[in-house]
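Report on the structure given below.
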Amino acid sequence: MNADSGHRKGEIAELKSQLRQLAGSRAPGVEEVKRELYKKVISYMTIGIDVSSLFSEMVMCSATSDLVVKKMCYLYVGNYAKVHPDLALLTINFLQRDCQDDDPMIRGLALRSLCSLRVMNFVEYLVGSLRKGLKDNNGYVRQVAAMGVLKLYHIAPTACIENDFVATLKSMLSQDPDAQVVANCLCALEEILVLERTNSDRANKDREMLHSKQIVFSLLNRIKDFSEWAQCLVLDMVSKYIPVDPNETFDIMNLLEDRLQHSNSAVVLATIKVFLQLTISMADVHQQVYERIKAPLLTLISSGSPELSYAVLSHLHLLVMRAPILFSSDYKHFYCRYSDPSYVKKLKIEMLTAVASESNMYEIVTELSEYAANVDVGITREAIRAVGKIALNLCDVNAIVDRLLQFLEMERDYVTAETLVLVKDLVRKYPEWSHDCIAVVGNVSSKSIQEPKAKAALIWMLGEYSHDMLDAPYVLESFVDNWLEEDSPEVRLELLTAAAKIFFKRPPESQKLLGAALAAAVDDPDQDVHDKGLFYYRLLQQGVQTAESIVNPPKKAVSDFADIQNSEMRDRIFDEFNSLSVIYREPSYMFLDKEHRKLYEFSDEAAPTDVLPTQKLDANDNDLLLGAFDKEESQSGVSNGDDGPLSAPRSPSPTLLGDSVPPVSASNIPAAFGIDDLLGLNISTPPPPPPSLVLSSKPVLDSGTFQKKWSQLPVALSFEHPISAQSLKTTQPLLRHMQEKSVQCMASGGQSPTFKFFFFAQKADGMPGTGFFLVECLVHTSAGKASVKVKSEDSTFTAAFSDLFKSALSSFII
Amino acid sequence: MPVAASAIYFLNLRGDVLINRLYRDDVGGNMVDAFRTHIMQTKDLGTCPVRQIGGCSFLYMRISNVYIVIVVSSNANAACALKFVVEAVALFKSYFGGAFDEDAIRNNFVLIYELLDEIMDFGYPQNLSPEILKLYITQEGVRSPFSKPIDTRPPANATLQVTGAVGWRREGLVYKKNEVFLDIVESVNLLMSQKGTILRCDVTGKILMKCFLSGMPDLKLGLNDKIGLEKEAQVKARPAKSGKTIELDDVTFHQCVNLTRFNSEKTVSFVPPDGEFELMKYRITEGINLPFRVFPSIKELGRTRMEVNVKVKSLFGSKMFALGVVVKVPVPKQTAKASFQVTSGRAKYNASVDCLLWKIRKFPGQAELTMSAEVELISTMVERKSWTRPPIQMEFQVPMFTASGLRVRFLKVWEKSGYSTVEWVRYITRAGSYEIRC
């Protein structure tokens, strides 16, 4: 590395001396040499080598008639001026001289570079040149100058306002003969006035004036003079205009109708925005607008690069969601091509879902079923979910149910998993179908399901429809037997509820089952599971009937599942049509709010936003349904706040458990089943309060023993913890850090952004060879998160150790 | 604010910066690192072309072996930004004369800097028309080492042209021989189900022109589209000629086409740019003549053998023929070998794409060709059920055939000097995504 940088240094020194020699020379051919040297400097600059030491030489050589050399020099100066303001002062002179050049090209270029130096001290030089530039007789110079005003505003707002450039721009906006100058004036004014809005009333007035009828129509009348990009600007501005009467609206739409035929998709989208905004309060016209813009949008999505059609599709998606019926005959346009990238397919599938109606449902579901056989797992899932959503939205579900059940027969894990979740929702909405569904679900092998959501769904159905499934108690029993291996608290919660429900329906077969489930739950490391276990236990003490009325009340079919996004949110996004909001499906304040988000740094707070917004939606989507039936149960009076005496959750008070239980007089449950033996709980004494934990500074454990212990011990605790490891490139820094906290590493590996560590630690006062804590720690640097699984030989210290581990993670900074 | 870009980066596949241009101060210099670590080095690459990291949005696109990344920190106009990239690449290509890749960028970086300066100012797109830019960005791409010395001063009227009214054509062009070339290029997209029903079929067509015309000519193009013909019949007060008329679902035009006149008179009239350009694009969904029909039959015989029979029928006129026909029949990954019998062309098994490729160099019209293949599979422990059959795909080109039936009725050129022109018209139909499920 040293040799290399030394070599570079030599080269730069060489360049320096060569430039020096050229500085004053007027020899023939000197321009060509200069060009080559400048090229070299710029190429170094591009690949990130610091060539700022050449500043003075570069400036000295800038006296040239070669335009290309001049441009390279401007580029160089613009790049380094901010870092070396003192040196940049050297350039002011020649830039100002160039601003007076006879060639308008050079005047324009010099002015642009001058404005791009972004150095506060130069403002005084800038103002004069800008003023001259705005009055230049050449359009190119004026166009640069107009943008220069905006740049000045960003460097020194007060200087810009005080010199009354805003007024100059305003007069140019309506008078300048050159369209590009007008366009640049427009964007400068728009930006300045929006930013200035909070500071002065005048800016507000100016802004109103900018959107006045006179200006809007003067721009609209010459819209064809503008370049396609400038047209986008003008159209964006027109979309903010509020017409005084419907006639004006129609005038504008007539003027712009032909813009929908423009080949530039940006122009078409901008025009569509104008049409939509203008007619927003005229319902029938608004609908006609939809009909009119459909064809151009459909053309845009089927041509051009996939990225571009994604941008357009996102907008079409928004429109389809607002008015699905209008698009229901165009569903074939949303059929996926085999070669479409997955982001396009995903949007198309969502649109197919939205436009499904009684008339096209059969075709759409058939098509979606094709995608379910796709190689891309993500798309398969989307397709299955889509079929499910269509089933939930429409009344005629006859054919769809069969289709869904066929998915279960495909015997692919992820297909089964996705389908189970949907079938669960389906039977909640259409209880009349439960018989058919349950018959098929009963054939699903519970072992093939790994995903928590799907497991939870299956368990819910086992509990709810245990009377239809003969072997339900035994399937549940095998789940309960593997309680400790079950990582997801969600599944364990569901399992507990299912065990309780089945107990009310088929007590003789499931008494043991419930007992085992309750025992496991009370011992569960997860707070919620633990609490729910105790809650059920106490509820049962109040009498089986009471408990049943709370845990398993008769249910009503769900008529509508909650919508993910409220309509207000959608309207806000609609207002921001033709911007990133539509693509992210969030109003702009949600992703731009500067108070909550640091712009230039990638701090911990910023990290969680890495998740794709669409993925976030998905997550919500899934949670929603399960969340809904949690609620259903909690409505019956269950809430975590109720269990006051349980404030020390890990040590249930012995009196409660020791007390004899009031005899069960329920009719359907034989009195012989006393609650005590029913549950078979034997938590007689509460565990002592966890003593403080000190870790041994030099624990000894060989890898063989570690592996053995790891495979024997159950996971005592698993959690996720934020970690600031954005720039973690190797495993070493974290290893060393943890070592300082007496946590040793057994093995580590992985590559940025995911690392895996196995740590271990030992209690200081324990016997040799005992009291170990084993940790598996997955670090996702990109998400700034660590997922941790703790196994412990001494469960009383698990919590203490995990606290210790968390604090060690928190203090890790590189 | 319709800002299109705060910064633009050109990266190679490893993530090295080839060129960057910061237009605004509102994004930091470490943006490219963020892009590398959060997008390029993760499996999210390619899952979505618009991503948000921190407070910044990244819009990116891969073109050959280059990533072009636009960074913005405001609620920018995404469609505009992506379109800008597409247009900018087209511009660069016209400067380099063809390819746009890592080498082209490295060899022309000074030129690209120059262009980046002109085509965007402070994040707002400016002039991207190659016609105009070439007047004053004169540094030719390094095409050959023998390129002639260049006059670096722009012509005196260049800056006038930059913002002139007819932005796409400069005055004073002279050609010895005045010629116009017009190509109608159509791609047929087809999605056919197993049972042979057409699930989806459309044609996207474009009319490409190459003009070598002196002065400021006015051109008028007549097609056999329904609306145009009806309008003409109306104007001339005589019944529309019988014969096939085409209904265009949607049309878009190059900016040179006078859209007001199109809307009132339904004729395509324009002052063309010099050289090559895309005059119009259209889309048609009704009344499409499919050039080919495919009848596949795939039988799985036990765990280790498959029988594939594909019959392809050409439906265009017997005097025409298709070129470069390729039929791709997907087979499972565990295919060991395949033996073929074809009535024409050549077939082979290509393991890298898991397909049987059947190539027919010249496919006559109104003909029926078949391929039958016996495929042997390696038996594996994996359940065979996990193979889902991707659709059969076809590639072809049929010269002098349009799937839509669109024809040029006339192309008139008027210029005040009244020269005569030679017009050349060609038709070609290609396969877009031509998929048959099996």
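Please read all numbers here as calculations on a predicted model, not as lab measurements. Naming: A, B, ... by sequence-line order, numbering from 1 per chain. Atom set for the values below is all heavy atoms of this structure, side chains included, hydrogens, waters and symmetry mates excluded.
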Which one, B:V86, B:N189, B:V17, B:D16, leads in non-hydrogen pairs under 4.5 Å with chain A?
B:N189
Let me know if B:S57 has heavy atoms under 4.5 Å from chain A in its side chain, its backbone, both or neither.
both
Approximate separation, where rounding is to 0.5 Å, of B:H254 NE2 and A:H262 NE2
8.5 Å
Side chains of A:Y338 and B:L191 in contact at under 4.5 Å (non-hydrogen atoms)
no
Contact class of A:L300 relative to chain B, heavy atoms under 4.5 angstrom:
neither
Most heavy-atom pairs under 4.5 angstrom with chain A, which of B:D117, B:L59, B:L18?
B:D117
Is the shortest heavy-atom distance from the side chain of B:N77 to the side chain of A:D236 under 4.5 Å?
no
Sort B:V72 into side chain, backbone, both or neither according to what part of it lies under 4.5 angstrom from a heavy atom of chain A.
side chain
Which answer fits A:S305, side chain, backbone, both or neither, if we ask what part of it has an atom under 4.5 Å from a heavy atom of chain B?
side chain
B:T285, part contacting chain A, at a heavy-atom distance under 4.5 Å:
side chain
Any side-chain heavy atom of B:K83 sitting closer than 4.5 Å to one from A:E228?
no
Part of B:R437 within contact of chain A (heavy atom distance under 4.5 Å):
side chain
Quick check on A:S314 against chain B: is it the side chain, the backbone, both or neither that has a heavy atom closer than 4.5 Å?
neither
For A:K332 and B:I198, work out which heavy atoms get closest and say how close.
NZ-O, 4.0 Å
Specify the closest pair of heavy atoms between A:S339 and B:S433, including all atoms of both residues, with the distance to one decimal.
OG-CB, 4.4 Å
Hey, what do you get for CG (B:N20) to CG (A:N79), rounding to the nearest 0.5 Å?
7.5 Å
Can you measure from CD (A:E307) to OH (B:Y60) and round to the nearest 0.5 angstrom?
8.5 Å
Heavy-atom check, side chain of A:H333 versus side chain of B:R283, under 4.5 Å:
yes
Under a 4.5 Å heavy-atom cut-off, does chain A meet the side chain of B:D121, its backbone, both or neither?
both
The reported gap from NE2 in A:H154 to CZ in B:R24 (rounded to nearest 0.5 angstrom) is 5.0 Å
B:K328: partners by side chain to side chain donor-acceptor pair (under 3.5 Å), with sequence neighbours left out:
B:E395
A:S581 backbone acceptor or donor facing B:N75 side chain under 3.5 Å
yes
With a 4.5 angstrom heavy-atom cut-off, which part of B:F84 approaches chain A: side chain, backbone, both or neither?
both
Let's test your reading of the structure: which of A:S342, A:P296, A:A311, A:A183 forms the most heavy-atom pairs below 4.5 Å with chain B?
A:P296
Distance alone, cut at 3.5 Å: any donor-acceptor contact between the side chains of B:Q255 and A:N264?
no
Can you measure from OG (B:S129) to CH2 (A:W229) and round to the nearest 0.5 angstrom?
11.5 Å
Let's test your reading of the structure: which of A:L298, A:V312, A:V582 forms the most heavy-atom pairs below 4.5 Å with chain B?
A:L298
Given B:R200 and A:E370, is the salt bridge (Lys or Arg N to Asp or Glu O under 4.0 Å) satisfied, shown in steps?
CA-CA 14 Å; B:R200 186 190 157 179; A:E370 284 292 335; over 6 Å; no
Is the shortest side-chain heavy-atom distance between A:C115 and B:F122 below 4.5 Å?
no
Cut-off 4.5 Å, heavy atoms of chain B, and the answer for A:I42 is both
Between A:V344, A:T366, A:V267, A:N184, which shows the greatest number of heavy-atom pairs under 4.5 Å with chain B?
A:N184
Quick one: which residue pairs count as a salt bridge (Lys or Arg N to Asp or Glu O under 4.0 Å) with a foot in residues 333-342 of chain A, not counting sequence neighbours?
A:D340-A:K348
A:E367 and B:L199, any side-chain heavy atoms less than 4.5 Å apart:
yes
Close side-chain approach of B:V50 to A:L580, heavy-atom, < 4.5 Å
yes
Contact class of B:Q126 relative to chain A, heavy atoms under 4.5 angstrom:
both
Starting at CG of A:L67, measure out to CD of B:E114 and round the result to the nearest 0.5 Å.
7.0 Å
Of all the heavy-atom pairs spanning A:F591 and B:Q52, show the shortest one and how long it is.
CB-NE2, 2.9 Å
Write down the atom of A:S302, the atom of B:T204, and the distance for their closest heavy-atom approach.
OG-CG2, 3.9 Å
Derivation and outcome, salt bridge (Lys or Arg N to Asp or Glu O under 4.0 Å), residues B:E118 and A:R112:
CA-CA 10 Å; B:E118 289 299 328; A:R112 185 189 292 151; 3.4 Å; yes
Heavy-atom side-chain proximity of B:L82 to A:Y310 below 4.5 angstrom:
no
